[in-house]
Structures are given as C-alpha cells and as structure tokens.
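Encoded as structure tokens, the structure appears first; notes follow it.
None of these values were measured; they are calculated from a predicted model. We name chains A, B, ... by the order of the sequence lines, and we start the count at 1 in each one.
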There are 2 protein chains.
Amino acid sequence: MNVTIKDVAKRANVAPSTVSRVIADSPRISEKTKRKVREAMKELGYHPNFIARSLANQSSQVIGIVMPSSTDQALQNPFFPEVIRGISKAAHEKKYALQMSTGEKESEIYEGVIEMLQGRRVDGVILLYSRTNDKLMKYLQKNRFPFVVIGKPHQMAEQITHVDNDNYRAAKEATQYLVELGHKRIAFVGGNISYLVTVDRLLGYEAALKEAGLPYRQEYIMHEEFLKEGGQEAMKELLSLREPPTALVVADDLMALGVLNTLDEMNVRVPEDISIVSFNNTLLAELSRPPLTSVDIHIFQLGYEAAKSLIEKIANPNEPVKRIIIPHQLMKRFSCDDDQMK
Amino acid sequence: MNVTIKDVAKRANVAPSTVSRVIADSPRISEKTKRKVREAMKELGYHPNFIARSLANQSSQVIGIVMPSSTDQALQNPFFPEVIRGISKAAHEKKYALQMSTGEKESEIYEGVIEMLQGRRVDGVILLYSRTNDKLMKYLQKNRFPFVVIGKPHQMAEQITHVDNDNYRAAKEATQYLVELGHKRIAFVGGNISYLVTVDRLLGYEAALKEAGLPYRQEYIMHEEFLKEGGQEAMKELLSLREPPTALVVADDLMALGVLNTLDEMNVRVPEDISIVSFNNTLLAELSRPPLTSVDIHIFQLGYEAAKSLIEKIANPNEPVKRIIIPHQLMKRFSCDDDQMK
DNA sequence: TTGTATGCGTTATCAA
DNA sequence: TTGATAACGCATACAA
C-alpha cells in the first residue's frame with residue numbers, strides 16, 4: 001500500500017508520534033530529528049493522508065460551496081465563476097480545499113449539503129445566494145454549523161455572518177445617475193423577486209425616484225424569470241406603454257445583454273433611444289455593444305471575504321457575527337446618454 | 001459529540017457491525033433487525049461519517065475537478081460553469097461529491113492536485129483542459145491515478161481516457177460553411193496555441209481552405225492571448241491588410257464577443273462587412289448582437305460523459321481506455337452573410 | 001525531547 | 001443471522 005507515517009518512522013528510527021509531530025512542526029522536537037525525519041519522508045515520497053488526519057482531528061479542512069439550484073438558470077451567470085475564484089483564493093491561502101454542492105433541484109441540494117456537513121466532509125459552507133425563507137439556511141442555523149452567506153439573509157440578518165454589497169445604495173446611485181442625465185421615465189428590470197439582491201436593488205431604485213420627485217409606476221417594474229424570452233416580453237411590454245421609459249435600471253449584466261439583444265431586434269438604439277445602467281460589471285459589460293455602464297460590485301472580493309470569514313468562524317466558533325459590506329462603484333461606459341432628453 | 005454507529009447499536013440492542021451492515025443493506029441481515037436498526041437511526045438522527053468510511057474503505061467517493069490556471073483568464077468563459085454542471089449531474093447520480101482545485105498559478109494547482117490525490121481526498125480527477133506538455137498529466141499517468149481529460153491529450157492519446165469533440169471536423173465544417181457562402185478570404189482567430197483545442201480547430205480550418213482551393217495565408221492566422229486588448233490588436237491588423245478577410249472563424253464565443261465589440265468600435269458591420277462563425281454555442285452566442293452563428297459542442301455532455309467515465313474507471317481500474325467523441329452541430333444565426341460577396 | 005497507547009467512526013474478517 | 005475484533009492512518013494524552 002501507500003507509504004504511511006509508520007514507514008517513515010521506521011526509516012528514521014523514531015516513533016510514529018514523532019513523525020506526526022514533525023509534520024505539525026512541533027517545537028518540542030529537536031532540529032536534528034526533524035531533519036532526519038524529513039529526509040526519510042523525502043526518500044519514501046511520503047504524503048500525509050488527509051482522510052486519516054480529518055478523522056483524528058475531527059476537522060476536514062474543506063469548505064463547502066452551495067450553489068443556487070440550477071433550475072434557476074443563474075449558473076450561466078459569470079457572477080459564479082468569479083465569486084468562486086475569490087473563495088478559491090482565500091481557501092488556498094489558508095490551505096482549505098473546496099467542495100461543491102451537486103444536484104439540480106433545491107431539495108437535492110438541500111439533502112446533499114446536509115450530508116456533506118453531517119458526514120464531516122466539510123467544516124462549513126458558503127451560500128452563494130440568499131433568498132426568502134430558505135430552508136437550508138434555517139437548518140444550518142438551528143444545527144449551528146458554521147456558514148456564511150453571500151448576500152443579505154432574509155431573516156435575522158444580525159445573527160448570520162454575511163458578505164454583501166450595499167445594494168440599496170448602489171441601485172439608488174445608479175438610478176440617480178440616470179436622473180442626473182435628465183431621465184424622468186426610468187424603468188426597473190430585475191431578477192426573481194425571491195432573491196434578496198433583487199429586492200434591495202428595487203428598493204434603492206424606488207428611493208431614488210422618490211427623492212427626485214419622480215412618480216413610481218407599477219408598470220415600470222419588471223421581473224424576469226430569465227433572459228432571452230423574459231427580456232423580450234418585458235421590453236415589448238415596456239415599449240408598448242403609452243409613455244415608454246427612456247432609461248432602464250437592469251439588475252444584472254447578463255440580463256442587460258438579453259435586453260440589449262431584444263432592443264436591437266426591435267430597432268431601438270442604445271443609448272440614443274434608451275439608456276441602460278446595469279449591475280455586476282462582469283466581463284460582459286465590457287464586451288457588449290455598446291459597452292454597458294454597470295455597477296461594479298467587486299464579485300471576487302465578495303467571495304474572498306466570505307471564505308476568510310468562514311475560515312475564522314470555523315477556527316473559532318464563538319467569533320462574533322459579522323456583516324461585511326463590499327464597496328461598489330459605478331463604471332461609466334456607453335450605454336447611457338441624455339440625448340433622448342434633448 | 002455526534003451520534004455514531006455505536007450509539008445506534010446500543011439503542012437497537014445490536015452490535016456496531018450489525019448497524020454497519022444495515023447501512024450497507026446487507027442481505028445477510030434479517031428484515032426484522034433492519035427495521036429495528038433503521039428506527040434507532042431515525043430516532044437518534046444518525047448520519048454516517050464519510051470521513052471514517054473513507055478511511056476504512058480506502059475510497060473517498062469524491063471526484064476532483066482540475067481547472068486551468070486562472071492566469072489564463074479562461075475562467076471567465078461560460079464553458080466552465082457548463083462543463084461543471086455536466087460533471088455535477090453525473091456525480092450526483094452516482095453519489096460522488098465534487099472537489100475543486102484551488103490556486104492561481106500552474107505550479108500551485110499542480111501541487112494542490114497531487115496533495116488531494118495522495119492525501120486520498122479524491123479518488124480521481126477530471127482535467128478541464130488539455131495543453132501541450134502538461135506536467136500534471138504526466139504525473140497522473142506515471143502514478144496511475146484515475147483521471148479523465150476533457151479535450152485531446154497532447155501525447156499518448158491512445159493511453160488516456162478522454163472526452164472530446166471532433167474539433168478538426170467541426171472547424172472544417174464551419175469554414176466550409178463560410179466557403180459555401182462565397183467567402184474566399186477567411187481568417188482564423190484562435191486562443192492560445194498551447195491548448196490542443198486551438199490546434200485542432202486551426203487544422204480543420206486549414207483543411208477546409210485547402211479542399212476549397214483557397215490559399216493559406218499566414219497573415220490570416222491570429223492567436224489571442226485574451227479578449228479585449230488582443231481582439232483589438234488582431235482586428236486592427238487583419239483589417240489593415242492589403243486584402244482584409246471577409247469572414248472570420250473565431251475559436252470561442254467569448255472571444256467572438258470581443259471581436260464583435262472591436263469591430264463595432266471600428267464601424268465594421270457584422271454580417272454586412274464581415275461574417276463570423278464561432279464556437280461553443282454558449283448563451284453568449286444567443287445574446288450577442290448580432291446573435292452568433294456558432295458550433296454547438298454540447299459542453300454539458302462533455303462534462304457528463306467525463307464524469308461517468310471517471311467513475312467507471314475508479315470502480316474498475318482495468319477499464320479499457322476510452323475516447324468519447326461528443327457530436328457537434330453548427331447553429332446558424334445572424335453573424336454570417338454572403339452580402340459582402342455580391 | 002521522544003515513545004507508548006488509545007481513540008477518531010467505519011468496514012471487514014473471522015467466529016459463533 | 002449476528003457479534004467481537006482488528007484494521008484504516010493519524011493525533012495526542014500521558015509516560016518516560
């Protein structure tokens with residue numbers, strides 16, 4: 001079989017426990033035997049068995065990543081690779097490994113996450129989404145498993161460590177930007193309302209309208225289940241209104257791409273006929289035509305901070321609850337204009 | 001602490017080994033005691049400890065996913081979420097968990113993967129890329145770890161199970177499509193040439209030109225390191241040629257998006273002035289403007305088959321080497337035209 | 001500073 | 001059909 005701590009011990013003429021201590025770099029071992037043992041490890045090509053270590057330690061040094069259910073087509077969104085990149089960076093730095101939830105339906109994911117936690121495969125999890133009345137979140141809280149949410153928890157946000165943007169302010173500022181450009185008829189195209197991020201951005205949008213003394217019109221609020229088809233429907237609806245909007249706040253770059261696509265088909269020009277501010281500032285915003293003015297929410301950092309917080313929480317379960325707000329920034333490109341106001 | 005097999009055993013008045021057999025649904029246990037034990041498990045809220053099981057079994061039931069180094073910005077590409085979705089599906093079906101490589105630089109990933117294999121955290125790995133002279137692939141082969149490659153291995157492809165498209169034919173057909181539209185000056189915009197997929201697509205492109213009796217021009221071959229900047233450079237170069245191309249074969253949707261963006265900035269119309277065929281048929285192809293004619297390579301299926309093959313290989317190390325070719329299909333949209341030929 | 005013995009939660013072998 | 005017991009590879013309390 002594989003070379004174990006015992007083989008190394010024999011080779012170095014020490015006890016297995018000594019080898020174990022050398023691996024942990026215990027200060028109670030003399031430099032001389034450390035050298036001797038390390039040499040033996042090299043010679044034999046020893047690699048520690050994480051599984052055995054996990055069992056002895058009662059800790060796996062693995063973080064679980066919980067994706068939203070892939071029936072929400074959300075996964076197509078460049079948001080996820082980018083958060084995961086952030087998580088991966090922090091995990092790598094702290095020598096944690098990464099495990100992902102599998103399953104497509106919400107219930108499958110729920111079961112899977114419980115198994116990976118109860119089965120001790122992971123020491124804690126990061127939820128890459130936050131929605132209203134999430135069963136999993138309640139379970140985690142009740143069973144006191146270490147977890148961190150990316151986004152704002154629906155309930156008891158004060159008791160749950162989470163990493164989020166100030167989506168309310170971000171949306172408010174984005175809307176204000178359009179107001180400053182002279183727009184008075186601004187519509188909101190958001191994602192599924194059960195996601196908290198949608199709610200916050202909608203509220204920010206509303207607040208900006210109110211402050212600007214603009215009327216809030218129900219018919220200007222759109223919630224796409226998804227991209228292409230939904231986007232088409234929504235835009236048709238918006239443009240067929242007696243007073244169609246001259247500007248859109250779109251809650252996501254990918255969604256905005258769908259909107260752009262639909263507008264193009266309908267021969268509506270951006271930004272000449274209609275202006276768009278979008279969110280996330282993914283690569284798509286840069287690559288779309290026209291390049292999208294988009295709110296950079298620093299996705300990578302969301303992931304990075306989430307992983308760091310989780311690792312702290314795992315190390316110290318009494319770590320106080322944290323709320324980390326990642327700053328945002330409006331990236332101006334070419335999807336906004338005041339021409340249609342002139 | 002947590003409820004273990006022993007607790008269940010006590011509660012059900014049986015030996016721990018009996019409980020273990022009930023978990024495995026051994027036929028040598030009477031229905032009666034099975035019921036009794038299962039009831040005890042329910043009552044106590046028992047969950048099996050995977051770590052302990054892994055140690056006893058010498059198998060983790062976890063698959064490792066190896067990403068390309070994120071210094072290759074490739075991760076931004078929707079290709080990855082989609083393969084992973086496919087892998088995830090197969091893994092879930094076979095009750096395998098998924099672990100991801102971390103690290104940014106190639107060397108970090110290399111070390112990480114070795115640790116996760118030697119540390120017995122995973123039973124095998126899937127490489128999501130294939131490049132020339134890959135150190136990791138050699139290591140895996142030499143140490144006889146179960147692995148599967150998505151793409152075509154550089155060397156000894158007959159000895160390595162891999163899942164791939166027929167990229168040569170796909171590119172040939174894509175190019176032929178442009179030839180049939182009447183194009184005679186067709187350029188190739190590919191990714192990093194050290195990736196095998198780029199090589200294959202380039203060869204297919206060349207073959208189509210040859211068959212059509214069109215000259216192969218070195219100045220028509222572009223290799224982008226990445227998107228925006230590279231795309232700009234390349235397009236400028238191509239368009240400043242004495243005889244600029246009237247059509248492009250672009251090796252990837254995301255890259256094509258960059259090309260479209262650049263062309264737009266330069267006021268070149270697609271497809272009126274220049275036609276584009278792209279690859280992968282990700283959501284981007286649908287959402288770009290104009291929607292891209294793109295070769296669907298069935299990314300999900302690539303992942304799905306890769307995971308299934310790996311799991312078979314783990315179960316039976318003597319499983320013969322396989323090469324699975326996933327079919328492709330040209331999806332015609334609106335980025336190609338013969339207008340510029342008229 | 002190092003060695004011995006025990007436990008982590010399972011599975012599997014051998015008896016009964 | 002079931003039970004006792006020894007692995008699996010490592011960490012650690014306790015001895016020396």
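- Here salt bridge (Lys or Arg N to Asp or Glu O under 4.0 Å) pairs that include residues 73-83 of chain A, with residues two or more places apart or in two chains, are A:Glu82-A:Arg85.
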Side chains of residues 23-33 of chain B: which donor-acceptor pairs under 3.5 Å do they make with residues two or more places apart or in other chains?
unit_1, atom_1, unit_2, atom_2, d
B:Asp25, OD1, B:Lys34, NZ, 2.8
B:Asp25, OD1, B:Arg38, NH2, 3.2
B:Ser26, OG, B:Arg28, N, 3.1
B:Ser30, OG, B:Thr33, N, 3.2
B:Ser30, OG, B:Thr33, OG1, 3.0
B:Thr33, OG1, B:Ser30, O, 3.1

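- The distance from atom CG of A:Leu55 to atom C1' of C:dC8 is 4 Å, rounded to the nearest whole Å.
- Every pair passing salt bridge (Lys or Arg N to Asp or Glu O under 4.0 Å) that includes a residue from residues 305-315 of chain A is listed here, sequence neighbours excluded: A:Glu312-A:Lys322.
- Within residues 45-53 of chain B, the residues approaching DNA chain C are B:Tyr46, B:His47, B:Pro48, B:Asn49, B:Ala52, B:Arg53, by heavy-atom distance under 4.0 Å.
- Among the heavy atoms of the strands, none lies under 4.0 Å from A:Val19.
- Remark: B:Asp7 engages no residue in a salt bridge (charged side-chain N to carboxylate O under 4.0 Å, His left out) (not counting sequence neighbours).
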All N/O donor-acceptor pairs, side-chain side in residues 109-119 of chain B, below 3.5 Å, sequence neighbours left out:
unit_1, atom_1, unit_2, atom_2, d
B:Gln118, NE2, B:Tyr139, OH, 2.6

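- Judged as a side chain to side chain donor-acceptor pair (under 3.5 Å), the pairs with a partner in residues 43-53 of chain B (not counting sequence neighbours) are, in order, B:Arg11-B:Glu43.
- Taking five base pairs at each end of the helix from C:dT1-D:dA16 to C:dA16-D:dT1 and finding the rotation axis that steps the C1' atoms of four pairs onto the next four gives two axes whose angle is 40°, to the nearest 10°.
- Remark: B:Ser20, B:Arg21 in residues 20-33 of chain B come within less than 4.0 Å of DNA chain C through at least one heavy atom.
- Residues passing the salt bridge (charged side-chain N to carboxylate O under 4.0 Å, His left out) test with B:Asp123: none are found, sequence neighbours excluded.
- Remark: C1' of D:dG9 and NZ of A:Lys6 are 7 Å apart, rounded to the nearest angstrom.
- Taking B:Lys89 as the reference, B:Glu93 meet the salt bridge (charged side-chain N to carboxylate O under 4.0 Å, His left out) condition, with sequence neighbours excluded.
- Applying the side chain to side chain donor-acceptor pair (under 3.5 Å) test to every pair with at least one member in residues 148-164 of chain B, sequence neighbours left out, gives these pairs: B:Lys152-B:Asp200, B:His162-B:Arg323, B:Asp164-B:Asn167.
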